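What follows is a set of notes on a single structure, which appears directly below.
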Protein chains: 2
Amino acid sequence: MSLPHAILTALLEKPSSGLELTRRFDRSIGYFWSATHQQIYRELGKLEQAGQIRALVPAQPARGQKKEYEVLPAGREALSVWVARPEDPKQIRDPLLLRMRAAAVVGAPGLDTELRRHLALHRRQLAEYLAIEERDFPPERTAAQDRLRHLVLRGGIDLENFWIGWLTRALADDAVPEAPEPE
Amino acid sequence: MSLPHAILTALLEKPSSGLELTRRFDRSIGYFWSATHQQIYRELGKLEQAGQIRALVPAQPARGQKKEYEVLPAGREALSVWVARPEDPKQIRDPLLLRMRAAAVVGAPGLDTELRRHLALHRRQLAEYLAIEERDFPPERTAAQDRLRHLVLRGGIDLENFWIGWLTRALADDAVPEAPEPE
DNA sequence: CACTCCATGTAAGTCGTTACATGATTCG
DNA sequence: CGAATCATGTAACGACTTACATGGAGTG
């Protein structure tokens with residue numbers, strides 16, 4: 001039930017077309033809620049049907065025509081309700097942790113290589129977040145909105161730091177079977 | 001594509017019936033890959049069809065009859081292949097972070113209460129993990145299997161610590177609205 | 001024998017992924 | 001005008017969720 005609310009949030013921040021939304025989901029919003037353009041178009045259709053958003057430039061129902069959406073009062077209301085509703089944290093579901101557990105049973109030559117690869121990916125992601133932080137959240141600005149968005153970004157940063165720490169430790173612990181040396 | 005491999009791992013650790021698997025997915029395995037009993041029964045059917053597991057006590061195809069499954073060589077092989085295959089980390093997808101972002105747009109009276117609730121839940125989960133660590137991983141035992149499984153548990157522990165740290169900071173930062181905000 | 005719990009399963013619907021289709025626009 | 005790119009959309013499938021159905025076994 002999160003995708004429609006992610007879209008409403010994005011549209012409130014800035015009215016957009018489907019493709020623009022897709023692009024934004026590849027950047028800021030997508031850093032904590034990803035979605036493909038097919039999901040987005042389908043959901044836009046549902047939200048329009050439900051009277052929570054509406055398309056500007058309504059005249060042309062043509063196929064390749066750009067359609068910009070904006071949020072209606074009903075949509076803003078629905079989003080407010082969702083934000084206020086308690087929701088328990090989801091169970092963890094991580095394929096890498098699962099693979100380690102499986103490796104404890106069937107063995108895993110080369111798993112250390114995979115861990116190093118993940119470590120590099122997380123370091124890159126962390127660097128990207130830190131660059132965004134430096135660009136968007138200089139120390140002096142402290143509007144409430146900014147602080148909330150900064151907190152969300154800090155969440156991403158902390159998560160990457162968790163992975164980097166855990167992977168580093170895993171590799172140092174020497175518990176992970178090593179890959180055969182390449183020639 | 002992770003669920004069948006989670007089941008194979010669980011069955012290799014100990015042959016079980018569907019309901020026993022469900023229970024184990026509520027405990028150890030489920031700490032990093034959760035699944036409902038419907039998912040598990042369906043997947044058990046597929047795995048049996050595919051010749052990767054087989055049911056013991058085969059005579060009775062009765063409905064309420066307990067069926068114990070064990071992994072066949074083909075299943076073990078399939079699991080080994082999966083463990084060795086590279087797979088990129090998934091994008092973050094967290095409803096709480098999304099709600100915070102939405103709160104930056106529509107406001108969120110009482111969000112701090114929700115954060116405190118999450119904080120308590122994560123502290124409880126952490127305590128549970130630490131109890132398991134103390135019970136299952138005393139300092140002296142260092143078999144390779146144990147170290148891998150310990151690493152996985154450390155992953156869970158570190159993740160809970162991430163949430164506790166982030167939530168604590170969020171509450172301390174005073175960026176989270178405690179009362180309705182005008183727009 | 002009614003009740004409860006154990007155990008397996010069906011059904012329906014939503015969400016997410018992958019592949020592909022089609023019209024509109026721009027630019028050499 | 002031909003090709004690339006922009007933009008929206010269809011189709012199909014698999015994963016996940018929720019609600020419910022059915023049979024078996026033990027117990028008062």
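Just so it is clear, the structure is predicted and the values come from calculations on it, not from any experiment. Note on naming: letters A, B, ... go to the chains in the order of the sequence lines (proteins, then strands), and numbering restarts at 1 for each one.
- A salt bridge does not link A:Glu48 with A:Arg54: every distance from a Lys NZ or Arg NE/NH1/NH2 to an Asp or Glu carboxylate oxygen is 4.0 Å or more.
- Among residues at least two apart or in separate chains, side chain to side chain donor-acceptor pair (under 3.5 Å) pairs with a member in residues 83-92 of chain A are A:Asp88-B:Arg117.
- The CD atom of B:Gln38 sits 9 Å away from the C1' atom of D:dA19 (whole-angstrom rounding).
- Atom P of nucleotide D:dC6 and atom CG of A:Leu21 are separated by 16 Å, given to the nearest angstrom.
- Atom CD1 of A:Ile40 is separated from atom P of D:dT8 by 11 Å (rounded to the nearest Å).
- Between A:Lys90 atom NZ and D:dC16 atom P the separation is 11 Å, expressed in whole Å.
- The nucleotide whose nearest atom lies closest to any side-chain atom of A:Met1 is, among C:dC15, D:dT18, D:dT8, C:dC15.
- Between A:His122 and A:His118, the two ring planes are tilted [angle within 30° to 60°].
- Regarding contacts with the backbone of D:dT8, a side-chain N or O of A:Ser17 is found under 4.0 angstrom from either OP1 or OP2.
- For B:Leu3 and C:dG16, the CG to P distance is 17 Å, given to the nearest whole Å.
- For the OP1/OP2 pair of C:dT8 and a distance below 4.0 Å, the side-chain nitrogens and oxygens of B:Tyr41 include at least one atom meeting the criterion.
- The pair B:Lys14-B:Glu20 does not meet the salt-bridge criterion, since no charged nitrogen lies less than 4.0 angstrom from a carboxylate oxygen.
- We find that CD1 of B:Ile7 is positioned 11 Å from P of D:dA15, with the value rounded to whole Å.
- Nearest-nucleotide positions on DNA chain C for A:Glu43 and B:Gly18 put B:Gly18 closer to the 5' end.
- At whole-Å resolution of the value, CG in B:Leu98 and C1' in C:dC15 are 15 Å apart.
- The side chain of B:Arg42 contributes no N or O atom lying less than 4.0 Å from OP1 or OP2 of D:dG14.
- B:Lys46 has a side-chain polar atom (N or O) that falls below the 4.0 Å cut-off from OP1 or OP2 of D:dA15.
- Of the candidates C:dT18, D:dA7, D:dC20, the closest approach to any side-chain atom of B:His37 belongs to D:dC20.
- A salt bridge is absent between A:Arg123 and A:Glu160: the closest approach of a Lys/Arg side-chain nitrogen to an acidic carboxylate oxygen does not fall below 4.0 angstrom.
- In terms of phosphate contacts, B:Arg93 brings a side-chain nitrogen or oxygen within less than 4.0 Å of OP1 or OP2 of C:dG16.
- The separation between A:Arg23 atom CZ and D:dT5 atom C1' is 9 Å, rounded to whole Å.
- Side-chain N/O atoms of A:Lys67 include one lying less than 4.0 angstrom from OP1 or OP2 on D:dG9.
- For the OP1/OP2 pair of D:dT17 and a distance below 4.0 Å, the side-chain nitrogens and oxygens of B:Gln39 include at least one atom meeting the criterion.
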